[in-house]
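Report on one structure; see the data block that follows.
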Amino acid sequence: MSHLIQIEGAGARRRSGRKLKTMLLFPPEWVPTAPYLALPCLAAVLREHGHEVIQKDVNIEMYNHFFSDMFLIWIKARMGMQLKELEAKEQAGWLTDQEADQKACLEAKASIDVFELAERAERAKRIVHSEEFYDADKLEWALNTFREVMQYISAAYYPASLVFYPMESNLGYRPGVSKEVFACLDDDQVNVYRDVCRQLVLPVVGRESPEVVGVSIGTQMQLLAGLTICKMIKEAFPQIHVVVGGNVITRLQEELPKHERFFTEVFDSAILYEGEHALLWLLEALSGERDLASVPNLMYRDGQGIRTSQEIYTEKTTALPLPDFDGLPLDSYFVPVRILPYLATRGCYWGRCTFCDHGQGYFDQYRGMPAHLVVQQLKALKDKYRCEHFLFSDESYPPALFKKVTQLLVEQNVGIKWTTLIRFEETLQDPEIWKLAAKSGCCTLYYGMESANERVLNLMDKHVKKSVIEHNLKEAAKAGIWNHVMAFYGFPGETREEALETRQFILDNQPYIHSVELFYFVAYRHTPMVRNPEKFGITIHKQEEYDLPLDYYYTLNEPGGLSCLDAMQLCEEFYRNDFQPWAVRVNAREHVFLYISKYGTNRLPQIYAQRKEGAADSVSGLVTWPVALGEGEGKAGEPSMTRVVSHAVS
């Protein structure tokens with residue numbers, strides 16, 4: 001039986017033995033607007049104990065590489081070779097239907113002037129890095145240019161679809177099916193990450209010669225890229241110990257031991273849950289200072305098979321060092337000013353929502369830091385990295401901490417701008433709370449409303465009153481804060497009338513809701529309702545081939561509620577008929593955040609899409625909160641799980 005180790009234990013002592021050079025990698029695909037917090041948290045602990053650490057954000061390097069003349073010319077040559085081979089097959093009468101489609105795709109791109117495309121891509125990068133970013137017309141042009149370039153690159157990896165913004169790319173392999181995962185890792189035709197690894201990762205690994213490489217895989221969208229990089233490093237440098245971590249790895253801890261190939265071909269060990277001290281102790285074990293079996297949170301292979309540590313270690317947030325961003329390319333992200341993530345809490349203070357499995361990333365649920373330490377660390381990060389914009393990456397900012405931190409930020413005149421995700425709360429009714437939040441630098445807030453029907457909210461164990469939701473939104477909006485509301489259709493037991501109540505609430509409160517996302521319900525595997533499906537009137541259907549599942553297909557046991565298909569159709573109707581007032585041209589939360597910071601108001605008509613005369617109801621883009629921690633996995637997930645939560649776990 002696993003048991004908990006507290007940070008005050010003897011294992012937290014500093015050791016003075018041999019230090020191992022470690023390279024930490026963050027793989028694609030993630031939004032290229034700010035660093036992810038996992039690597040800086042891991043690096044801080046390792047450096048505090050004397051280890052040399054190299055941090056490498058492969059994700060941002062990849063996008064800067066993609067939008068360069070060197071790479072696009074290389075892509076042009078790759079497509080030319082592919083087209084030549086296909087033409088030869090056609091002449092010999094060997095061309096398959098799929099190859100004919102590929103040939104047509106390549107021919108369609110052959111007429112594109114790659115030099116002109118590369119010049120526009122470089123221009124687009126200059127826009128997102130400069131004051132021109134704040135001209136919405138220019139920013140929209142830049143984002144559309146990035147999308148066009150990704151379409152061009154996709155042709156060279158046919159039938160893969162590479163998309164900007166990230167999180168929607170598709171290599172044609174299902175990450176929930178191990179057979180397809182292993183096939184993808186060796187597929188040079190569609191797996192673009194093999195070329196990313198060859199061009200951006202392997203040369204640096206060879207030059208730096210680390211003894212350990214750690215790869216943090218936070219979302220299912222990063223799984224194929226992360227495992228590709230691991231496998232190629234392991235093949236090229238078998239002497240290096242490759243360790244993986246991240247929320248997705250923790251979520252798959254029951255399945256990984258069933259596939260020994262992961263531990264023989266892809267990586268050497270995996271860290272579950274939080275990773276700062278577990279990684280430190282792994283380095284000590286690799287240097288001979290402790291037994292590998294004594295390292296908590298660790299999964300590894302020995303002569304007897306795959307072993308998982310019976311000890312779980314949970315970090316004490318107040319004892320951790322300040323995240324260390326040294327070595328990351330802070331000025332390379334697609335924003336004109338630096339933005340840093342910051343985490344004051346781990347886990348969710350509410351922690352009861354029956355549809356949510358965020359807590360699976362932690363063995364011990366909620367912990368937080370006192371407000372004075374939060375503000376002290378924010379000031380230190382601001383001064384050290386010359387950064388005034390912060391993403392508070394907490395899963396849901398606790399109301400007591402929210403009030404105390406905003407008060408201290410104002411009293412101490414810290415001078416930062418920030419955004420976070422927050423829950424509707426009765427304790428946040430006072431208008432002065434919202435005024436103080438805005439004065440402290442709060443620009444945008446993201447709310448997991450989920451539903452506007454109180455019966456459904458109670459079924460979810462959210463227990464929020466509709467009047468509280470409306471009041472919070474109104475007061476935040478009046479204070480100048482941008483409100484982004486996330487909701488979903490199809491929670492088991494929800495009727496069509498109750499779903500439409502959510503739709504009507506959003507429409508009625510349009511003046512106070514500045515952007516919105518509406519999804520359909522997804523049954524994530526580690527949620528309370530999937531663990532107890534009969535309690536929620538659903539049947540979970542597990543498919544044998546999906547042996548790396550993070551969610552399940554389900555059906556309702558009784559008629560009357562919305563089915564999966566019903567919920568999907570209602571979502572489609574909302575975006576087709578109702579979404580126009582919220583359609584924006586600037587589709588990253590960090591970009592909207594910076595616009596509000598720049599202009600000092602939540603009234604930004606210039607960033608909304610304009611309906612063209614006589615156009616259909618389709619709209620271009622929406623503000624999206626990128627999916628993290630494995631939720632949403634390339635499809636519409638339930639909204640309070642579609643959020644940026646940057647962890648050093650796992």
Lys231/Asp186 ion pair, N-O < 4.0 Å = yes

No-hydrogen, no-angle side-chain donor-acceptor test under 3.5 Å, Asn144 and Arg147 | yes

Can we say Arg194 and Glu235 salt-bridge, meaning some charged N sits less than 4.0 Å from an Asp/Glu carboxylate O?
-> no

Salt bridge (charged side-chain N to carboxylate O under 4.0 Å, His left out) partners for Asp137, two or more places apart = Arg585

Residues in ring pair (Phe, Tyr, Trp, His ring centres under 6.0 Å) contact with Tyr134, at least two apart in sequence or another chain | Tyr595

Residue list, side chain to side chain donor-acceptor pair (under 3.5 Å) with Glu119, at least two apart or on another chain | none

Side-chain donor-acceptor pairs of residues 322-334 under 3.5 Å, sequence neighbours excluded:
{"unit_1": "Asp324", "atom_1": "OD1", "unit_2": "Arg47", "atom_2": "NH1", "d": "3.1"}
{"unit_1": "Asp324", "atom_1": "OD1", "unit_2": "Asp326", "atom_2": "N", "d": "3.0"}
{"unit_1": "Asp324", "atom_1": "OD1", "unit_2": "Tyr385", "atom_2": "OH", "d": "3.4"}
{"unit_1": "Asp324", "atom_1": "OD2", "unit_2": "Arg47", "atom_2": "NH1", "d": "3.2"}
{"unit_1": "Asp326", "atom_1": "OD1", "unit_2": "Tyr385", "atom_2": "OH", "d": "2.9"}
{"unit_1": "Asp331", "atom_1": "OD1", "unit_2": "Arg338", "atom_2": "NE", "d": "2.8"}
{"unit_1": "Asp331", "atom_1": "OD2", "unit_2": "Arg338", "atom_2": "NH2", "d": "2.9"}
{"unit_1": "Tyr333", "atom_1": "OH", "unit_2": "Asp57", "atom_2": "OD2", "d": "2.6"}

Is Lys56 salt-bridged to Glu61, going by a charged N under 4.0 Å from an acidic O?
-> yes

For Lys382, which residues count as a side chain to side chain donor-acceptor pair (under 3.5 Å) partner, sequence neighbours excluded?
-> none

Backbone of Val163 reached by a side-chain donor or acceptor of Ser169 within 3.5 Å = yes

When you check the gap from the basic side-chain N to the acidic O, do Glu132 and Arg126 get nearer than 4.0 Å?
-> no

Qualifying salt bridge (Lys or Arg N to Asp or Glu O under 4.0 Å) pairs, either residue in residues 239-250, two or more places apart = none

For the residue pair Phe182 and Phe262, categorise the inter-ring angle as parallel (less than 30°), tilted (30 to 60°) or perpendicular (more than 60°).
-> tilted

Does Asp357 pair with Arg251 as a salt bridge, N-O distance under 4.0 Å?
-> yes

Could you tell me how the ring of Trp281 sits relative to the ring of His277: parallel (under 30°), tilted (30 to 60°) or perpendicular (over 60°)?
-> tilted

